[in-house]
Amino acid sequence: MGSAIKIKRVDFRTKAVLFVVFLAILFVLLHYLRWMHTAVQAQNPRKMSDKRPLEWWKTSVIYQVYPRSYMDSNADGIGDIKGVTSKLEHFEYIGVGAVWLSPYYKSPMKDFGYDVSDFRDVDPMFGTLQDFDELVNQAHKRGIKIIVDFVPNHSSDKHEWFQKSCRGEKPYDDYYIWRDGKRDKDGKPIPPNNWLSVFGGTAWRWHEGRKQFYYSAFLPEQPDLNFRNPEVVREMNDVVRFWMQHGADGMRVDALEQLFETEDLKDEPRSNLPGIPPFQHEYLKHSFTTKLPEIGDIVRGWRKVMDEFESKDGSSRFMVIETYEAPEDRNRFYGYGSNPFNMDLVDGLKAPLTGTHIRALVEQEYIKLPEQGWPTFVMGNHDRKRVSSKFGAEYVDALNMLLLTLRGTPCTYYGEEIGMQEIKVTFEQTQDPWGKNFGPDRYQEFSRDPWRSPMQWDSSKHAGFTKGSSPWLPVHPDYTMRNVKVQRESPQQTTLQLYAALAKLRQDPVFQRGELLFSVTDDNILSYVRQIPGSDVSRYFVVFNFGKTKSKNDYSGAPASSAKGVVIQATCSLIDRVKDKEVGLNDLELAPGDGMVIKLL
Ligand code: NOJ
């Protein structure tokens, strides 16, 4: 009897244990299936079989123009809108479908246009509103879209809203973030907390008139707008409407991370990163001043305004967010009706390059992409070093090839199509306030001037950028050899010609909506197949050597599953030897910096 009871008890325990194990296995299995589903979705999105046309921003190459540095039409040494209009043919030649213009708004230029004193007008330095309209008109005639830079987080201190706010005039008194602050023992005002500006030093600025501090995440001349005030939200919605009315096809949203701060003004905790002085932004963690959840509703509001226009003419309006977050964080922006920039190739990629590292960065985008997501890969911008300086000039062609053959929209910073190099700037020549803030000893760590030098158009004086006596920043001394004209006319393939050819190749639906399957990857090599499964369109094999030594491999197994192909594009380093030639995939050799696009046979 006793033993029967015992057996029963053991039985029950065993059953319970088995049940828990069963639950655990089920849990793991479900997670695995969910992960697999996401991965497969990313590689084989339903869009591939979907025959509907893709929105323009999925099929276009986006090209960032920094207007100050692009083309000067009136000989004052500073680029302008008419200058950009005069270069529309260049965009066509390089196969660009959309141009993102950095700010051209009225501005005292403390942060070169990111300090806006009138959100609805063009700075005379860049031209007039009519010039903007004309640019949009001419661009649209050529099928090129215009993406404006929207700077919602702050205005200039010269904006009339701020001027009125300083005087306490209603309703502007609450348009900015004003706080009383504290007093030291001598009665001197001290900032309400330890919050730091991105450009260094306290983010609180004393205003003698209002006897209060205002908050600014960047320069003191860039006071932060108060998005907790519905009037500010309405004003900025109207600014979006204004530029849509003027024909903009999309907008890049600046500094969105900083849009809200917590209201309780608690000190931010130390980051404890080694070697960071207390006035530098990285000295603190920024959980009270960046990435607050309130941002979502504001972005949804802008989307609503853009949708008003989209529903009228049926043409999609594109909103892309400046963010440097990891995919699992930035993907939330899709849910708000916008797209995040993928800056992994800008900030995540470090020298020396390896195939393995690049694959990991690209693959994580695809695996983590939500169903409604679409990658927007960026290789550089006006805030980050040029490709040639980061990785070496010998990898410029391969990196352009990578950007233009990935699945997702590519975004190129002006000048990368000719492999522009950075200029050297002395402290005296330094223009960027971020560099100036850190003084002669450390300006080079922060100044963004080296990669904002004038575009190199031809071999004439100042690279054809200006007919004036001096451009606002020095032109790179290599301009006589490295410029658009020389590279366009060269009988030998150049970086520019390769860029243009690849951008045209990207019009092939395989590169727009086909899946991307990674092949051999190691320290040197990155390779992948682009194909549309179940269709009879061409399949392509793309292979690079990003390493430092020669590499010979057999690529003929899956996913290429082919012994040969014809080289249709290659980096300038090897194009002459391989163009249009049939090559065997079983022993393909690539030197450092080589890259090829092979049509599989
Ligand atoms: C981000 C812009 O890209 C950068 O150039 C600017 O300095 C800051 N926002 C402040 O507006």
Side-chain angles (χ1 to χ4, degrees), residues 62-70 79 100-119 123 126 147-159 162 176-177 195-201 203 205 214-225 227 236 239 251-261 280-282 286 289-291 295 319-325 330 340-343 346-347 376 378-386 411-414 430-438 443 445-453 472-473:
I62 300 177
Y63 180 78
Q64 183 191 354
V65 164
Y66 195 67
R68 267 187 99 77
S69 303
Y70 205 61
W100 151 29
L101 287 177
S102 283
Y104 46 79
Y105 313 112
K106 214 167 208 171
S107 163
M109 301 293 159
K110 294 290 175 197
D111 190 20
F112 300 118
Y114 283 99
D115 49 320
V116 182
S117 55
D118 186 345
F119 289 104
D123 195 276
F126 293 128
I147 299 172
V148 297
D149 211 319
F150 177 49
V151 191
N153 178 65
H154 45 265
S155 73
S156 155
D157 61 340
K158 298 290 179 287
H159 196 294
F162 187 70
Y176 295 84
I177 299 164
W195 295 354
L196 288 173
S197 138
V198 173
F199 290 152
R205 334 290 177 172
Y214 65 90
Y215 175 79
S216 84
F218 295 93
L219 293 173
E221 295 88 349
Q222 292 170 300
D224 271 46
L225 283 157
F227 271 83
M236 293 317 272
V239 171
M251 58 189 204
R252 171 260 187 193
V253 183
D254 180 76
L256 188 66
E257 263 179 28
Q258 279 85 9
L259 208 66
F260 281 93
E261 304 73 32
Q280 198 172 318
H281 194 239
E282 291 74 20
H286 302 291
T289 52
T290 62
K291 303 177 192 166
I295 291 172
M319 177 172 14
V320 65
I321 308 292
E322 182 201 29
T323 170
Y324 286 86
E325 290 167 292
R330 66 178 179 246
F341 266 144
N342 171 344
M343 305 274 204
V346 178
D347 269 10
T376 307
V378 186
M379 192 63 85
N381 61 36
H382 63 295
D383 290 327
R384 295 294 191 270
K385 293 185 80 56
R386 283 203 179 271
C411 185
T412 291
Y413 182 49
Y414 85 92
T430 296
Q431 304 279 338
D432 185 10
W434 201 349
K436 286 185 178 170
N437 246 0
F438 279 82
Y443 78 97
E445 281 172 62
F446 297 92
S447 171
R448 296 163 292 181
D449 294 335
W451 48 93
R452 293 177 175 181
S453 67
W472 77 284
L473 275 174

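What's counted below: heavy atoms across the whole structure, side chains too, no hydrogens, waters or symmetry copies. Atoms within each ligand, like the ligands themselves, are counted from 1 in listed order.
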For D111, atoms of ligand 1 separated by under 4.0 Å from a heavy atom: 6 (C), 7 (O), 8 (C), 10 (C), 11 (O)
Residue part near ligand 1, for Y66, under 4.0 Å between non-hydrogen atoms: neither
Sub-4.0 Å atoms of ligand 1 with respect to non-hydrogen atoms of R448: 4 (C), 5 (O), 6 (C), 7 (O)
Under-4.0 Å heavy-atom contact with ligand 1, by part of R452 that carries it: side chain
Protein contact to atom 9 (N) of ligand 1 [nearest heavy atom, distance to 0.1 Å]: D254 OD1, 2.9 Å
Atoms of ligand 1 close to F199 [distance to a heavy atom under 4.0 angstrom, numbered from 1]: 7 (O)
S197 (side chain) donor-acceptor with F218 (main chain) under 3.5 angstrom: yes
For F150, the option from D254, V239, L256 that meets side chain to side chain contact (heavy atoms under 4.5 Å, CB included): V239
Ligand-residue contact atoms, ligand 1 with H154, heavy atoms, under 4.0 Å: 10 (C), 11 (O)
Side chain, backbone, both or neither: the part of R384 lying under 4.0 Å from ligand 1 by heavy atom: neither
Heavy-atom closest pair, residues R452 and D383: NH2-OD1, 3.2 Å
Between CD on residue Q222 and CZ on residue F199, distance to nearest 0.5 Å: 5.5 Å
Which of the ligand 1 atoms, numbered from 1, are nearer than 4.0 Å to a heavy atom of D383: 1 (C), 2 (C), 3 (O), 4 (C), 5 (O)
Smallest separation among heavy atoms of N437 and G200, with atom names: ND2-O, 4.4 Å
Any K110 heavy atom less than 4.0 Å from ligand 1: no
Check: Y176 and L225 side chains under 4.5 Å, non-hydrogen atoms: yes
Expected output: side-chain D449 to main-chain Q431 donor-acceptor under 3.5 Å: yes
